[in-house]
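Below is one structure; the comments refer to it alone.
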Amino acid sequence: MRYLSTRGHPERRRFCEILLEGLAPDGGLYLPEHYPQVDAATLATWRDLSYPELAFELLSLYIDDIPAADLKAICAKTYTAEIFGTAEIVPLRELEDGVYLEALSNGPTLAFKDMAMQLLGNLFEYELGRRGEELNILGATSGDTGSAAEYAMRGKKGVRVFMTSPDGRMSPFQQAQMFSLQDPNIHNLALRGVFDDCQDIVKAVSNDLDFKRRYRIGTVNSINWARLVAQVVYYFAGYFQATADDTKQVSFTVPSGNFGNVCAGHVARMMGLPIRTLVVATNENDVLDEFFRTGVYRVRSAADTHETSSPSMDISKASNFERFVFDLVGRDASKTRALFEGELGKAGRIDLSADPVFAQAAGRFGFASSRSTHADRLATIRDTDKRFAMLIDTHTADGLKAAREHLAPGVPMIVLETALPIKFAETIVEALGHGPDRPARFEGIEALPRRVVQLPATAEAVKAYIAQHCA
Ligand SMILES: *Cc1c(COP(=O)(O)O)cnc(C)c1O
C-alpha cells in the first residue's frame with residue numbers, strides 16, 4: 001500500500017514513512033491510494049476474531065512495511081484487557097430497542113483517543129528502535145489529547161513528550177491525570193496563557209526548521225494516518241457485536257470535532273462494511289453540521305468558537321475534513337487544493353452548495369448530521385440516568401441526541417461513547433445533583449505529587465526548555 005497527498009504531491013510514501021510525519025510536503029493529508037475491499041466472506045472470517053486479531057487483519061491491509069509477526073505482536077501488546085478494562089476492548093451495550101452504546105473510553109485516560117494513541121505509542125517505539133532514532137513530541141492540549149499522548153508514550157524508548165497546556169485552565173481531574181505522571185520522558189509545560197497561545201507556540205517552534213531538525217521535533221495530532229486507521233477497527237468490532245450476519249446494515253453516530261473519529265467510519269464504509277448512515281454529532285460549534293446541512297464549510301474565528309460543556313468538540317475548523325472532501329470530489333487533488341488552499345485560504349469558507357457533488361455527501365457517502373446545545377446535553381444525561389440507570393458523559397450525550405434524530409426502522413444505531421462522565425463531573429452534577437462514581441484507580445489522584453513546570457507563553461521559553469532536556 002502506498003499513500004498519496006490530498007493536494008496532489010507526486011511522491012507516494014509507505015506507512016512507516018508517514019507514521020512519524022504530520023502533513024504531506026504540499027500541506028495536504030495522507031490517504032491510501034485505494035481502500036482495500038472487504039466482502040461478506042471476509043467479514044464472516046473476521047467475525048469471531050478477538051479485538052487484537054481483528055486489528056492485525058485490518059491493519060495488515062494498510063501496513064506492508066512491518067513484518068506480519070511484528071505487527072501481530074504490536075496489536076497483541078496494545079489491546080489487552082489489562083489496559084482497556086475488558087477482553088472485548090470495546091463492549092457494546094443495548095440502551096433501548098435498536099440503539100447501542102459502543103464503549104471506547106475504558107483505556108488509561110478514559111476517552112476514546114486511547115484507542116489509537118496506545119497503538120501509536122507502540123508503533124513509534126518499534127519504528128524508532130528499528131531506525132536507531134529518537135523523537136521529541138511537542139504538543140498543545142486543553143485536555144484529552146495531551147493525556148492520551150502522555151499515557152501512550154510514558155516509558156517508551158526513544159520518545160520524549162513535551163506537552164504544553166494553559167496554566168490552571170484544565171479541569172482538576174485532567175490536570176491531576178497528566179501532572180501526576182512521574183516518567184522521566186514526560187514533560188508537562190504549563191504556559192501562562194490560553195490554549196490558543198499554546199497552539200501558536202507549538203506551530204512557531206515547528207516552523208523553525210533548524211530547531212525542528214536539530215531536536216527531532218514531531219507531533220501526534222489528529223491528522224496522523226496511523227491514528228485514523230487504528231480507529232477503523234472499532235467500527236468493525238461494533239458491527240460484529242450488533243449483527244448476527246454479514247449483510248445486515250447498521251448506522252453509527254459519532255460525537256465529532258476534528259472529524260478524525262467519523263473519518264475512520266467513512267474509511268470503514270468505503271472498505272465495504274455495511275454502514276447505512278454516519279451521523280456527525282456536533283455541539284454549539286457546528287462547523288460540520290452546517291456543512292452537511294448546507295454545503296458550506298465555514299471556519300470560525302476564535303471569538304466565534306464557544307466554550308461548551310462538551311469541550312473536546314470545541315473546534316473552529318475540522319482538521320481531518322479535507323480527507324473526506326477529497327473523496328467527495330472524486331479524489332480530484334487539484335480540485336481539493338483549489339478548495340482548501342485557494343477558497344478556504346482567501347474567503348475562510350468552502351462553498352459546495354451549488355456543486356452537484358454535494359448531494360453525494362448524504363447520498364453515496366451516507367452522511368447525516370445534528371447539533372446539540374448545553375440544555376440538550378443536560379436533558380439527555382438526565383433522561384438516560386432515569387430511564388436506563390446509565391451515566392453518560394457530555395460528548396456521548398451529544399451523540400445520543402443526534403442518533404435519535406436519524407433512526408431508521410430495522411437498522412441498529414450504534415452511538416460511539418467517547419469519554420467517561422468522571423472527566424466532566426461538573427456538568428454531571430449540574431444535570432443530576434450528584435457527581436459520577438470514580439474508577440478505583442483514579443481515587444485520590446489530585447493529592448499525588450506533581451511533575452509540571454510553569455513557563456512564560458513564548459516560543460523562546462519552550463525552545464530553551466526542550467534544548468535543556470534533550471541532552
Ligand atoms: C477528541 C474527542 C472528540 C472529537 O473527536 P474527533 O476525532 O476530533 O472528531 C469527541 N469526544 C471526545 C471525548 C474527545 O476526546
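Residue numbers count from 1 along this sequence. Atoms within each ligand, like the ligands themselves, are counted from 1 in listed order.
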I need the atoms of ligand 1 closer than 4.0 Å to a non-hydrogen atom of [X], numbered in the order shown.
{"X": "Pro255", "answer": "4 (C), 10 (C)"}
{"X": "Asp144", "answer": "13 (C), 14 (C), 15 (O)"}
{"X": "Gly260", "answer": "6 (P), 7 (O), 9 (O)"}
{"X": "Ala419", "answer": "13 (C)"}

Return yes if a side-chain donor-acceptor contact under 3.5 Å exists between [X] and [Y], otherwise no.
{"X": "Thr277", "Y": "His406", "result": "no"}
{"X": "Glu21", "Y": "Tyr30", "result": "yes"}
{"X": "Thr373", "Y": "Asp376", "result": "yes"}

Decide if the gap between the ring center of Phe424 and the ring center of Phe173 is smaller than 6.0 angstrom. no

Is the centre of the Tyr62 ring less than 6.0 Å from the centre of the Phe15 ring? no

Decide, yes or no, whether a salt bridge links Glu96 with Arg404 under the criterion of side-chain N to carboxylate O below 4.0 Å. yes

Regarding Glu430 and Arg382, does a basic nitrogen lie under 4.0 Å from an acidic carboxylate oxygen? no

Closest approach of any protein heavy atom to [atom], naming residue and atom:
{"atom": "atom 7 (O) of ligand 1", "result": "Asn261 N, 2.9 Å"}
{"atom": "atom 6 (P) of ligand 1", "result": "Asn258 N, 3.5 Å"}
{"atom": "atom 4 (C) of ligand 1", "result": "Gly257 N, 3.5 Å"}

Part of [X] with heavy atoms under 4.0 Å of ligand 1, whether side chain, backbone, both or neither:
{"X": "Phe112", "result": "side chain"}
{"X": "Thr418", "result": "both"}
{"X": "Lys423", "result": "neither"}

Does Ser222 have a non-hydrogen atom less than 4.0 Å from ligand 1? no

The single option from Tyr51, Trp46, Phe252 passing ring-ring contact (aromatic ring centres under 6.0 Å, His included) against Phe236: Trp46

Does ligand 1 come near enough to Ala111 that some N or O of the ligand is less than 3.5 Å from an N or O of the residue? no

I want to confirm something. Looking only at heavy atoms, which of Met313, His395, Lys113 is nearest to atom 14 (C) of ligand 1? Lys113

